[in-house]
Amino acid sequence: IDDYYKVFSESTVENTRNYGVEYKSQLQSLLVAYQTYNTEGCLVEGSISLECRQNSTNEHLQRANEALVKFSDFYSSMLNLYRQVSISIYEDIWVINLEIE
């Protein structure tokens with residue numbers, strides 16, 4: 001995680017550094033969740049068993065499930081932001097090309 005995070009932490013752009021801090025935090029929580037799943041015997045061929053994902057009685061699994069949902073939400077929002085930025089850039093390029101023509 002630290003090696004991956006290094007690229008973000010060394011950025012001169014504050015938003016990139018902030019994203020990196022949040023991403024690192026989310027990855028660390030996700031790692032703890034997967035360690036919990038592994039300890040509880042929930043990993044089957046690299047996937048989390050449905051029984052463990054639906055478990056509402058085991059406090060450890062509840063925390064792991066919450067961390068997994070939180071990471072998924074964070075990752076989805078970042079993908080959506082990336083998609084929006086990409087579309088905006090392509091639209092700008094399109095307008096510039098039209099102006100050049």
Glu22 atom CD, over 12 foreign heavy atoms within 6.0 Å = yes

For the residue pair Phe71 and Phe74, does the interplanar ring angle fall in the parallel (under 30°), tilted (30 to 60°) or perpendicular (over 60°) class?
-> tilted

So, does Ser76 use its side chain to make a donor-acceptor pair with the main chain of Ser72 at under 3.5 Å?
-> yes

Indicate yes or no: at least one non-hydrogen side-chain atom of Val69 is less than 4.5 angstrom from one of Glu66.
-> no

Got Asp2 and Lys24 here, is their nearest side-chain heavy-atom distance under 4.5 Å?
-> yes

Are Glu40 and Thr36 close enough that some pair of their side-chain heavy atoms sits under 4.5 Å apart?
-> yes

dist Ile48:CD1 -> Tyr34:OH (nearest 0.5 Å) comes out at 3.5 Å

Report the distance from atom CG of Asn55 to atom CG of Leu50, rounding to the nearest 0.5 Å.
-> 11.0 Å

Gln35/Asn38 under side-chain contact (heavy atoms from CB on, under 4.5 Å): CA gap, chis, key distance, verdict | CA-CA 5 Å; Gln35 289 170 335; Asn38 189 44; 5.6 Å; no

Kindly work out whether a path of hydrophobic side-chain contacts (I/L/V/M/F/W/Y, heavy atoms less than 4.5 Å apart) joins Leu79 to Tyr19.
-> yes

For Arg17 and Ser11, indicate whether the former's side chain and the latter's backbone hold a donor-acceptor pair under 3.5 Å.
-> yes

Do you know which two heavy atoms are closest between Gln62 and Thr57, and how far apart they sit?
-> NE2-N, 4.1 Å

CG (Asn58) and CZ (Arg63) are apart, to the nearest 0.5 Å, by 8.5 Å

May I ask whether Leu27 and Val32 are part of the same hydrophobic cluster, defined by side-chain heavy atoms of I, L, V, M, F, W, Y residues being less than 4.5 angstrom apart, directly or through others?
-> no

Ser29 and Ala67 have their tightest heavy-atom pair at O-CB, 4.0 Å

Supply the atom-to-atom distance Asn65 CG to Lys70 NZ, rounded to the nearest 0.5 angstrom.
-> 15.0 Å

Quick one: pull up SG in Cys42 and CZ in Arg53 and give me the separation to the nearest 0.5 Å.
-> 10.5 Å

Measure the spacing between CG of Leu30 and OH of Tyr23 and express it to the nearest 0.5 Å.
-> 9.0 Å

